[in-house]
Amino acid sequence: SEGVLTADSLFQLAFLIQKQGSKTRKKEAVELLQDCLDIRTHQLGNSLDTLSFTLLSLSGKLANFT
């Protein structure tokens, strides 16, 4: 569906942005991953199989802020 494609695009964009390295860009990447997670949850449900990679990526980005 269109929502899932949007989530996939946000996911890819987050990875591109975070590679720029600045704290501001990493924060933007986290926000995009959170949006991606929200869309995937809404479109696909709470299944761990569909959300696990997004959750793993988001947790990795959040760990960079500590």
Side-chain angles (χ1 to χ4, degrees):
S1 85
E2 189 173 312
V4 174
L5 292 175
T6 299
D8 290 345
S9 295
L10 291 174
F11 188 83
Q12 295 299 323
L13 184 58
F15 272 95
L16 292 174
I17 287 174
Q18 64 89 25
K19 287 183 178 183
Q20 294 178 353
S22 74
K23 190 169 184 172
T24 300
R25 298 304 272 174
K26 288 180 181 180
K27 182 180 178 196
E28 291 172 359
V30 167
E31 290 170 359
L32 289 174
L33 286 171
Q34 289 172 327
D35 290 343
C36 173
L37 181 61
D38 290 343
I39 292 169
R40 285 183 176 170
T41 301
H42 178 73
Q43 294 288 318
L44 303 172
N46 288 325
S47 168
L48 185 58
D49 291 338
T50 60
L51 301 178
S52 60
F53 195 66
T54 305
L55 288 167
L56 179 63
S57 298
L58 182 56
S59 68
K61 300 300 171 267
L62 289 172
N64 287 332
F65 286 110
T66 59

Exercise for review: Establish whether Val30 and Leu55 are linked, either directly or via other cluster members, by ILVMFWY side-chain heavy-atom contacts under 4.5 Å.
Suggested key: yes
Value for CG (Leu37) from NE2 (His42), rounded to nearest 0.5 Å, stands at 13.0 Å
Nearest heavy-atom approach of Gln20 to Arg25 is OE1-NE, 2.5 Å
Of all heavy-atom pairs linking Cys36 and Ala7, the shortest is SG-O, 3.3 Å
Between Ala14 and Ala29 the two heavy atoms that sit nearest each other are O-CB, 3.4 Å
dist Gln43:CD -> Leu5:CG (nearest 0.5 Å) comes out at 9.5 Å
Note: Ile17 and Glu28 closest approach over all heavy atoms is CG2-OE1, 4.0 Å
Practice prompt. Kindly indicate, with the supporting measurements, whether the criterion side-chain contact (heavy atoms from CB on, under 4.5 Å) is fulfilled by Ile39 and Val4.
Written response: CA-CA 7 Å; Ile39 292 169; Val4 174; 6.0 Å; no
Interatomic distance, CG@Asp35 vs OG@Ser9, rounded to 0.5 Å, equals 12.5 Å
TODO: Carefully, step by step, assess Asp8 and Gln12 under the rule side-chain contact (heavy atoms from CB on, under 4.5 Å).
DONE: CA-CA 6 Å; Asp8 290 345; Gln12 295 299 323; 5.7 Å; no
d(Arg40 CZ, Leu33 CG) to nearest 0.5 Å is 9.0 Å
